[in-house]
Number of protein chains: 2
Amino acid sequence: MSETVPRPTLEAVAARAGVSRATVSRVVNGSDGVREPLAERVRQAVEELGYVPNQAARSLVTKRHDAIAVIVAEPETRVFSDPFFARQLRGISKELTAHDNQLVLLLTEGRDDHARVGRYLAGGHVDGALVFSLHIDDPLPELIQRAGLPAVFGGRPDWGGGRGGVVYVDSDNRGGARDAVRHLLGLGRSRVAHITGALDQTSAVDRLDGFRDVMVGADPGLVVEGDFTAAGGERAMRELLDHCPGLDAVFAANDLTAAGALRVLREHGRRVPDDVAVVGFDDMLPIAEQTDPPLTTVRQDIEGMGRLMARLLLRDLDRDTTADAAVGGSPSSVILPTTLVRRASA
Amino acid sequence: MSETVPRPTLEAVAARAGVSRATVSRVVNGSDGVREPLAERVRQAVEELGYVPNQAARSLVTKRHDAIAVIVAEPETRVFSDPFFARQLRGISKELTAHDNQLVLLLTEGRDDHARVGRYLAGGHVDGALVFSLHIDDPLPELIQRAGLPAVFGGRPDWGGGRGGVVYVDSDNRGGARDAVRHLLGLGRSRVAHITGALDQTSAVDRLDGFRDVMVGADPGLVVEGDFTAAGGERAMRELLDHCPGLDAVFAANDLTAAGALRVLREHGRRVPDDVAVVGFDDMLPIAEQTDPPLTTVRQDIEGMGRLMARLLLRDLDRDTTADAAVGGSPSSVILPTTLVRRASA
DNA sequence: CCGACGGGCCGGAGCGCTCTCGGATCACAT
DNA sequence: ATGTGATCCGAGAGCGCTCCGGCCCGTCGG
């Protein structure tokens with residue numbers, strides 16, 4: 001019924017083309033040293049038989065799998081509540097498939113999942129790993145290293161990336177924040193507040209740092225901690241309005257936060273942007289376009305981040321393969337630029 | 001430097017434990033026929049050497065890969081603009097890892113990608129496929145069948161699923177729509193309008209059907225086509241207000257559409273829910289909670305859908321393996337119930 | 001006490017592929 | 001005609017695993 005027809009093997013193709021396995025292998029893998037007429041005969045046999053190489057057998061000898069693990073720590077619900085994840089994945093996918101690599105997705109649930117992931121990585125199924133949202137006490141890097149796999153991290157890791165040549169890709173959160181605040185100042189605002197993100201995430205810390213870079217010596221009361229959610233934005237905005245009723249601008253750590261802030265501002269009768277200008281971060285659609293008024297925000301190239309992560313990893317991979325020595329040294333981390341998107345809120 | 005230590009093989013473990021490969025294999029795979037003292041010695045050797053079986057070698061002989069492909073058609077940008085995708089993936093992932101299966105993600109870009117996917121599926125890397133948003137002219141089912149792989153589809157396929165025992169999992173879009181409309185009627189509304197989704201998607205068609213089930217013989221002018229976007233919702237709402245200014249309720253095909261409709265209603269000075277009650281679909285967070293007023297909507301169990309898809313597929317797989325004959329017949333499609341979530345808009 | 005029987009364990013074959021060698025072939029120069 | 005490379009191709013080994021057949025040894029009936 002669902003009985004699979006046994007797929008043709010190299011040998012079958014060889015027999016049909018009247019050559020040896022080795023020759024077929026050469027043709028299939030595009031190495032030279034096979035004269036044209038013969039090669040053509042082989043190609044035809046491949047065609048006729050619908051031959052597709054058996055990856056398992058190939059991996060067994062090459063020790064290459066042409067597969068990359070993408071590891072996402074599930075507790076980061078943020079990853080799931082916004083389209084970031086999907087966009088990044090899309091970038092990764094594009095880059096990987098362009099190089100004939102497969103994407104194996106590992107969503108880790110909790111603590112105990114690490115054992116599973118470790119076993120998997122050690123099991124030699126993949127050639128490398130792409131890892132998201134790493135925390136300081138995360139055993140993942142250790143596991144990956146023990147498995148002898150190269151890895152690239154998404155977002156600056158907690159410990160600053162200073163350790164053992166960790167490679168990561170991140171947006172220029174700090175620079176983006178500076179741009180946002182400068183834009184606000186450029187609008188003639190002077191009492192600029194900041195609602196931070198969840199400060200256990202480096203992106204939130206970096207954005208706060210960027211804010212401070214520009215607002216040196218500002219009233220510390222103008223900074224209130226949020227958590228990247230709309231509810232957090234509302235709460236923080238209320239607090240802000242309470243303590244600093246004179247503020248004329250708000251830089252929110254992300255668009256969701258900004259949306260919450262906007263609601264509270266409206267509730268309190270403040271007009272945006274006339275009374276208070278608001279800038280968000282992420283350019284998270286459709287949120288950013290749907291707020292009232294539409295949000296001025298800092299856009300980052302999410303898909304590009306994903307693609308870049310994959311590219312760095314792949315480069316590392318065939319550096320190992322092709323070169324005898326390190327050709328260009330290990331790859332190093334990359335910070336991607338952001339751009340300010342002007343809409344109506346500031 | 002990044003030189004990998006050669007991983008221990010079965011043979012190495014066997015040598016250390018003073019037994020044969022076969023015995024180690026038995027112990028590792030949990031088959032019986034090895035007496036306890038020996039088994040223990042083997043287990044210890046495994047431990048000491050940190051042995052992990054080589055999957056490639058194993059697959060080569062078992063023809064099993066313990067991996068499932070998840071195929072998502074990229075053009076469905078809807079998939080990427082809302083968290084559906086991630087949620088479903090999460091459900092799938094949970095179920096798969098619980099059964100020690102890996103998740104290989106295939107995002108297909110366009111037409112020409114099908115060749116790649118086909119090759120991959122035929123390449124014998126995976127044991128089955130989970131497929132999303134299939135269209136009527138999609139070559140995917142053909143490819144999958146040719147590769148001899150079992151598959152489960154997400155969402156009712158275009159051609160109605162009547163063909164060749166296609167198995168799919170879907171929400172009860174029609175029933176959910178009925179609930180929504182009945183709720184509106186229960187509120188005493190009588191001129192209920194519907195803004196549809198993109199009607200080339202079965203979910204949109206089903207929701208429309210559900211609407212019609214309840215509103216038999218209603219003014220056809222009360223149904224306007226949307227496209228699942230907020231902009232589409234705005235456009236449709238304007239049209240509706242133009243042609244049927246007397247309407248007192250709107251059932252929107254999804255929450256984004258509802259959000260657009262809400263904006264236009266406010267713009268026209270209609271109060272929600274006093275003048276016009278609005279119900280959405282999806283309970284897409286954070287949108288549904290953030291609209292003004294918060295949206296009454298129909299919730300579907302996205303994660304459950306994913307999990308169920310995976311479960312059906314896995315069941316199908318080891319039905320092939322274990323049973324001599326069909327134990328319980330082929331699995332069949334499942335429709336998951338929806339629930340109405342009451343908030344302020346209706 | 002011997003032969004039959006059976007469960008526990010081992011050796012070997014082989015999954016489909018790659019890759020190293022060495023043999024065959026051919027052009028060209030000797 | 002023969003040597004000489006360079007070039008092309010094939011045979012064979014083996015990657016790490018599973019599984020089959022058979023050997024060995026313990027057990028029991030006669």
Side-chain angles (χ1 to χ4, degrees), chain A residues 4-43 45-46 49-67 100 119 122-125 127 321-322, chain B residues 4-43 45-46 49-67 100 119 122-125 127 321-322:
Chain A
T4 313
V5 193
R7 293 196 298 123
T9 75
L10 245 203
E11 193 109 39
V13 178
R16 178 163 196 118
V19 298
S20 77
R21 281 197 318 275
T23 300
V24 179
S25 176
R26 280 185 204 108
V27 173
V28 170
N29 294 308
S31 45
D32 48 352
V34 179
R35 252 174 307 210
E36 196 35 56
L38 240 200
E40 183 49 37
R41 227 165 69 218
V42 170
R43 257 177 256 124
V46 165
L49 264 44
Y51 170 76
V52 183
N54 179 321
Q55 192 62 30
R58 180 179 285 178
S59 296
L60 186 56
V61 29
T62 60
K63 272 119 172 46
R64 256 282 211 160
H65 303 86
D66 295 321
D100 271 309
R119 218 172 335 116
H125 304 243
D127 302 325
T321 308
T322 51
Chain B
T4 312
V5 194
R7 293 197 296 124
T9 73
L10 246 204
E11 192 107 39
V13 178
R16 178 163 197 118
V19 298
S20 78
R21 280 195 321 273
T23 301
V24 179
S25 176
R26 277 185 212 106
V27 173
V28 169
N29 295 308
S31 45
D32 49 352
V34 179
R35 254 175 308 215
E36 197 35 54
L38 239 201
E40 182 49 36
R41 227 166 67 218
V42 170
R43 258 177 255 124
V46 165
L49 265 44
Y51 170 76
V52 182
N54 179 320
Q55 192 62 26
R58 180 179 285 177
S59 295
L60 188 55
V61 29
T62 60
K63 271 118 173 47
R64 257 281 212 162
H65 303 86
D66 295 321
D100 271 311
R119 221 175 328 120
H125 305 244
D127 302 326
T321 308
T322 51

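This is a predicted model, so every value here is computed, not measured. For the numbers below, each heavy atom of this structure counts, side chains included, while hydrogens, waters and symmetry mates do not.
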**OP:** Find the distance B:E11:CD to D:dG14:P and express it as a whole number of Å.
**Re:** 12 Å
Subject >> 5′-ward residue of the pair A:A22/B:V52 relative to DNA chain D >> reply: A:A22
Original post:
How long is the span from the CD atom in A:E40 to the CZ atom in A:R35, to the nearest 0.5 Å?
Top reply: 15.5 Å
**OP:** May I have the distance from A:R7 (atom CZ) to C:dC15 (atom P), rounded to whole angstrom?
**Re:** 14 Å
Original post:
Rounded to whole angstrom units, what separation is found between the CG atom of A:N54 and the P atom of D:dC17?
Top reply: 16 Å
**OP:** Give the rounded distance in Å between these two atoms: CG of B:N29 and P of D:dC17.
**Re:** 10 Å
Subject >> Spacing of A:E36 atom CD relative to D:dT7 atom P, expressed in whole Å >> reply: 17 Å
Original post:
Just by distance, do the side chain of A:D127 and the backbone of A:H65 share a donor-acceptor pair under 3.5 Å?
Top reply: yes
Subject >> Given D:dA11, D:dT18, D:dG12, the nucleotide with the shortest approach to the side chain of B:L10 >> reply: D:dT18
Original post:
Quick one: the side chain of B:R35 and the base of C:dG7, do they pair up donor-acceptor inside 3.5 Å?
Top reply: no
Original post:
Closest to the B:T9 side chain: C:dG11, C:dC17, D:dC17?
Top reply: D:dC17
Subject >> Atom-to-atom span, CG of A:L38 to P of C:dT25 - whole angstrom >> reply: 14 Å
**OP:** Take atom CD of B:Q55 and atom C1' of D:dG16, then tell me their distance rounded to the nearest Å.
**Re:** 12 Å
**OP:** Establish whether the base of C:dG8 is bridged to the side chain of B:R26 by a donor-acceptor pair shorter than 3.5 Å.
**Re:** no
Original post:
If only atom types and distance count, is the side chain of B:S59 paired as donor or acceptor with the main-chain N or O of B:Q55 below 3.5 Å?
Top reply: yes
Original post:
Can you find a side chain N or O atom of A:S25 that sits less than 4.0 Å from OP1 or OP2 on C:dT18?
Top reply: yes
Subject >> B:R43 (side chain) donor-acceptor with B:V27 (main chain) under 3.5 angstrom >> reply: no
Original post:
What nucleotide, of D:dT18, C:dT18, D:dG16, holds the atom closest to the side chain of B:R21?
Top reply: D:dT18
**OP:** Send over the distance from A:K63 NZ to D:dC15 C1', rounded to a whole Å.
**Re:** 6 Å
Subject >> Closest nucleotide among C:dC9, C:dG16, C:dC17 to the A:Y51 side chain >> reply: C:dC17
**OP:** Report the nucleotide, chosen from D:dG16, C:dG16, D:dC9, that has the shortest atom-to-atom distance to any side-chain atom of A:T23.
**Re:** D:dC9
Original post:
Where the side chain of B:V19 is concerned, which of C:dC10, D:dG10, D:dG16 is the nearest nucleotide?
Top reply: C:dC10
Original post:
Quick check: does any side chain N or O of B:S25 sit under 3.5 Å from a backbone N or O of B:R21, one acting as donor and the other as acceptor?
Top reply: no
